[in-house]
Amino acid sequence: MGALGQIGSELTPKLRSIYGEDNVIASDIRTPNYSRTNEGRFEIHDCMDIKKTASIVKKHKIGLIYNLPAILSATAEKYPQRAFEINLLGLYNTLEVAREYKCAVFNPSTIGVFGDTTPKKNTPQDTIMRPSTMYGVTKVSGELLGDYYYSRYNVDVRGVRFPGIISSDTLPGGGTTDYAVEIFYKALKKKKYTSYLKAGTYLDMMYMPDAIKATINLMEIESAHLKHRNAFNVASMCFDVEELAAEIRKHIPEFILSYKIDPVRQKIADSWPDGLDDSEARDQWNWEPSYNLESMTADMLSKLKSKLWH
Ligand code: SER
């Protein structure tokens with residue numbers, strides 16, 4: 001069970017293919033329009049409604065909740081109060097229901113938990129976390145809450161710190177890393193893209209199949225293997241917009257990159273690491289990504305080409 005959004009809409013069909021169609025209940029505040037998710041069992045649900053969360057968990061005998069509702073970094077700066085409610089109070093509701101009904105919880109975190117005082121290069125698993133965004137504040141608090149519910153109530157809460165997620169099937173919304181998806185659409189349709197982040201702004205990114213793999217692998221590992229829980233650094237590629245454009249140019253040589261900087265998103269990106277050290281995830285639950293910048297770019301372009309023109 002879990003709310004949808006970018007990860008949920010791709011995680012749901014994958015979970016159904018592994019655990020059986022009837023064993024995965026998707027939920028969201030509205031009926032999703034992505035057909036693959038529509039095909040299975042679904043409940044309309046607002047994560048702020050703790051009674052409804054409890055009744056769905058009870059009705060379907062849920063054992064694991066993927067807590068995916070989130071307002072991402074850039075939107076959270078526009079609506080900080082709403083972000084606090086969804087990202088933190090929504091999680092609190094989920095944890096309370098998980099405590100009562102003895103469910104495990106996947107609680108995704110983010111590279112946004114880090115801030116200006118965090119070591120920028122090879123950012124360690126355990127390090128300074130003083131984020132300056134509402135997104136970061138809610139997510140670092142969510143990590144602490146997850147660990148608290150584990151040690152105090154034995155609720156099996158786990159999470160990863162997702163970087164920007166790149167997908168050919170679903171669009172991100174309201175994040176600082178969204179450019180890394182938009183650029184592919186513009187490259188194919190217009191052969192040009194105007195970046196809102198400066199050249200030299202390095203951020204961790206991940207291709208969706210690896211994000212799904214990380215989620216499933218972390219939740220499947222025996223609890224005894226884990227020294228950390230909330231949340232693991234995971235990494236697979238790190239680039240700036242120039243490196244991504246250069247990779248796209250290998251397929252579309254006439255592609256042109258220009259700039260119009262958005263100060264809000266630039267400031268957020270500047271406060272985030274230039275690349276995470278994910279050795280703890282590799283050691284504790286065998287994390288290993290399948291895609292790098294080159295293979296992700298080739299796959300994105302070929303999938304989007306067939307989607308846009310067929
Ligand atoms: N993709 C997220 C954002 O940009 C980072 O986790 O807000």
Side-chain angles (χ1 to χ4, degrees), residues 3-11 66-80 82-84 86-88 90-91 106-116 118 120 123 129 131-143 146 159-184 195-198 201-212 214-215 218 230-241 244 261-276 278 281 289 296 300:
L4 296 169
Q6 196 199 6
I7 294 179
S9 59
E10 300 199 33
L11 180 64
Y66 293 86
N67 186 73
L68 305 177
I71 294 192
L72 299 189
S73 56
T75 307
E77 289 314 295
K78 263 194 219 146
Y79 309 108
R82 189 75 188 132
F84 180 85
I86 301 293
N87 296 358
L88 201 49
L91 169 67
F106 176 74
N107 177 39
S109 189
T110 163
I111 54 172
V113 292
F114 299 114
D116 286 318
T118 303
K120 277 239 176 294
T123 302
M129 297 161 88
S132 49
T133 62
M134 180 51 97
Y135 183 55
V137 168
T138 59
K139 285 294 187 175
V140 87
S141 310
E143 288 195 11
V160 295
R161 293 175 181 142
F162 278 129
I165 294 178
I166 300 170
S167 165
S168 58
D169 279 337
T170 44
L171 292 170
T176 302
T177 55
D178 295 8
Y179 88 83
V181 180
E182 289 163 12
I183 194 171
F184 284 101
S195 172
Y196 57 77
L197 293 184
K198 286 182 200 159
T201 308
Y202 281 82
L203 291 169
D204 274 300
M205 301 280 178
M206 184 176 287
Y207 200 31
M208 182 63 94
D210 279 332
I212 302 290
T215 305
L218 174 61
N230 300 279
F232 283 92
N233 283 2
V234 283
S236 62
M237 58 187 95
C238 183
F239 52 75
D240 77 335
V241 64
L244 179 54
I261 305 309
D262 169 9
V264 174
R265 284 180 287 187
Q266 184 64 50
K267 188 164 174 259
I268 296 173
D270 286 342
S271 76
W272 289 355
D274 290 353
L276 303 188
D278 62 356
M296 176 277 291
M300 269 300 273

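Reckoned from all heavy atoms, side chains included, excluding hydrogens, waters and symmetry mates. Every number for a ligand or one of its atoms is a count from 1 in the order of the listing.
- Put simply, CG on N230 and CZ on R161 are 9.0 Å apart, with the number rounded to the nearest 0.5 Å.
- Residue-level proximity to ligand 1 for W272 is carried by the side chain, the only part with a heavy atom below 4.0 angstrom.
- Closest to atom 7 (O) of ligand 1 among all protein heavy atoms lies S73 OG, 2.6 Å.
- Within a 6.0 Å sphere centred on CZ of F84, other residues, nucleotides and ligands contribute 12 heavy atoms or fewer.
- Contacts with ligand 1 closer than 4.0 Å are made by backbone heavy atoms (N, CA, C, O) of F162 only, the side chain lying farther away.
- The distance from ligand 1 to the heavy atoms of Y135 drops below 4.0 Å at these ligand atoms: 6 (O), 7 (O).
- A perpendicular orientation is assigned to the rings of F239 and Y179, their planes being inclined by more than 60° (bins at 30° and 60°).
- The nearest heavy-atom contact from the protein to atom 5 (C) of ligand 1 is T110 OG1, 3.5 Å.
- Those atoms of ligand 1 with a heavy atom of G175 less than 4.0 angstrom away are 3 (C), 4 (O), 7 (O).
- Ligand 1 places these atoms under 4.0 Å from at least one heavy atom of T176: 3 (C), 4 (O), 7 (O).
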Item to check | F184 and I166: CA distance, side-chain angles, deciding distance, side chain to side chain contact (heavy atoms under 4.5 Å, CB included) verdict | outcome: CA-CA 10 Å; F184 284 101; I166 300 170; 4.2 Å; yes
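- Minimum heavy-atom separation, S167 to Q6: CB-NE2, 4.1 Å.
- N87 CG to N67 CG: the interatomic distance, rounded to the nearest 0.5 Å, is 9.5 Å.
- Of all the atoms in ligand 1, the ones that sit under 4.0 Å from a non-hydrogen atom of L72 are 7 (O).
- D204 places no side-chain N or O within 3.5 Å of a backbone atom of P273 that could act as its donor or acceptor partner.
- Ligand 1 places these atoms under 4.0 Å from at least one heavy atom of T177: 1 (N), 2 (C), 3 (C), 4 (O).
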